[in-house]
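Proteins come first, then strands; the chains are lettered A, B, ... in the order of their sequence lines, and each starts at number 1.
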There are 2 protein chains.
Amino acid sequence: MEAKNTISQMRRGILEFCIVSLLAKQEIYTAELIDSLKSADLIVTDGTLYPLLNRLQKAKLLQYRWEESDSGPPRKYYSLTENGEGYLGELNKAWQDITGSVENILRGNKSE
Amino acid sequence: MEAKNTISQMRRGILEFCIVSLLAKQEIYTAELIDSLKSADLIVTDGTLYPLLNRLQKAKLLQYRWEESDSGPPRKYYSLTENGEGYLGELNKAWQDITGSVENILRGNKSE
DNA sequence: CAATGTACCTTGTTATGCAAGGTAGCTTGC
DNA sequence: GCAAGCTACCTTGCATAACAAGGTACATTG
C-alpha cells in the first residue's frame, strides 16, 4: 500500500549491483538475467534492463558478443570488462557499508 | 568515480527506512536526524530531508509538535503515528527480503 | 536595531525504474 | 514461399526522489 513506492526505491541501485554480480560469474543474455533475478525474488522488466545494460556497456564496464540461437533471433551475451571487475569491487564495498550503516541505525549505535 | 551515482542510488529508499527506524525510538528534529544519520555514515542534506519528512507526514505516517529552543527558533519534533509503526514493520520486512535476495545472488543460489 | 545563527521550506536539475509500444530476425505451418 | 507467431532487442514518456542552491523567518547578542 503506502510502502510500495519506497520498496521499489530500495531496490534501485541494488539492482545494478546484482546484475554486475551475476555477470561476474558467467556470460548471460537479457532473458536469462531476468530469470536469475526473478529466482532471487528481484522482479525486473526488460524495459528496465536494456537501458541499464546499454549504459554500463557505454561506460566500458560490460562487453558483449552475439551468439546465434536454436530457437529465434541472435542474442547478446554480456560479460564484465576488466574495468567492470574493479567496479564490482566498489559496489561490493558500498553494499557492505550500507548494510553496516543500516545495522548501526537499527541497533541504535548512536554517538550521543 | 563511475560508481558514485549508483552508490547514491543504493541509498534511495533505504534512507527512508533509516529515518522511520530512528523516529520509532524517539522524538527528534531535523538537525538531530542529520547528525544521527551522519554518525551511521549515511550523509544527507536538509534539502533531502524536509521534503521527505513532509511527504511522510502528509501520508499520516509521521506527526510532529513544535517545541521552543533555548538557542534559536522553535523546532519541529517528529515521531511515528500508529500508521507509521505499521509502515515500519513493512519496511523492515522489505529490507530483510532485499538483503536476502542480494545474498542469494552473491552466493549463486540460482535455480538452474 | 543590525548582525549572526538556527531552523524550516521551495525550486530546478538530474537520474532512473517502469509501462507501453515498436522493430527485426527466426521458425513453423500451410 | 509466405503468413503468423515467437523471441530478442530497443525507445519513448512518465513519475519519483535525492540533491544543490537559494530563500524566509525567528531568536539571540552586541
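- Residues passing the side-chain hydrogen bond (donor to acceptor under 3.5 Å, both in side chains) test with B:Asn54: none are found, sequence neighbours excluded.
- Panel note: side chain B:Gln63, backbone B:Leu80; a donor-acceptor pair is recorded below 3.5 Å.
- The nearest whole Å value for the distance from the CG atom in B:Leu53 to the C1' atom in C:dA7 is 13 Å.
- Comparing A:Asp46 and B:Asn54 by the nucleotide of DNA chain C that holds the closest heavy atom to each, the one mapping nearer the 5' end is B:Asn54.
- Whole-Å rounding puts the A:Leu33 CG to C:dG17 P distance at 13 Å.
- Shown here are the side-chain contact (heavy atoms from CB on, under 4.5 Å) partners of A:Thr45, two or more places apart in sequence or in another chain: A:Thr48.
- Listed by chain and residue number, A:Arg65 satisfy the salt bridge (Lys or Arg N to Asp or Glu O under 4.0 Å) test with A:Glu27 (two or more places apart in sequence, or in another chain).
- On the nucleic acid side, DNA chain D contacts chain A at distances under 4.0 Å to non-hydrogen atoms, with the end points of that region at D:dT7 to D:dA17.
- In this structure, B:Tyr50 places its OH atom 16 Å from C1' of C:dT11, rounding to the nearest Å.
- Distance A:Lys58 NZ to C:dT16 C1': 14 Å, rounded to the nearest Å.
- By the 4.0 Å N-to-carboxylate-O rule, A:Arg55 lies close enough to A:Glu16 to be salt-bridged with it.
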Under 3.5 Å between N/O atoms: give me all the protein pairs with nucleotides 24-30 of chain C, atom names plus distance.
none

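- Residues passing the side-chain hydrogen bond (donor to acceptor under 3.5 Å, both in side chains) test with B:Lys60, sequence neighbours excluded: none.
- One atom, CG of A:Leu15, and another, P of C:dA15, lie 18 Å apart when rounded to the nearest Å.
- B:Ile98 places its CD1 atom 14 Å from the C1' atom of C:dG17, with the value rounded to the nearest Å.
- Using a 4.5 Å cut-off between side-chain heavy atoms of Ile, Leu, Val, Met, Phe, Trp and Tyr, B:Ile43 forms no hydrophobic cluster with any other residue.
- With rounding to whole Å, B:Asp35 atom CG is found 13 Å from C:dA7 atom C1'.
- Contact annotation: B:Thr30 side-chain N/O to C:dA7 OP1/OP2 distance is not under 4.0 Å.
- Applying the ring pair (Phe, Tyr, Trp, His ring centres under 6.0 Å) rule to pairs touching residues 20-60 of chain B yields B:Tyr29-B:Tyr77, sequence neighbours excluded.
- Straight-line distance from the CD atom of B:Glu67 to the P atom of C:dC8: 11 Å, rounded to whole Å.
- Not a single salt bridge (Lys or Arg N to Asp or Glu O under 4.0 Å) links B:Lys38 to another residue, sequence neighbours left out.
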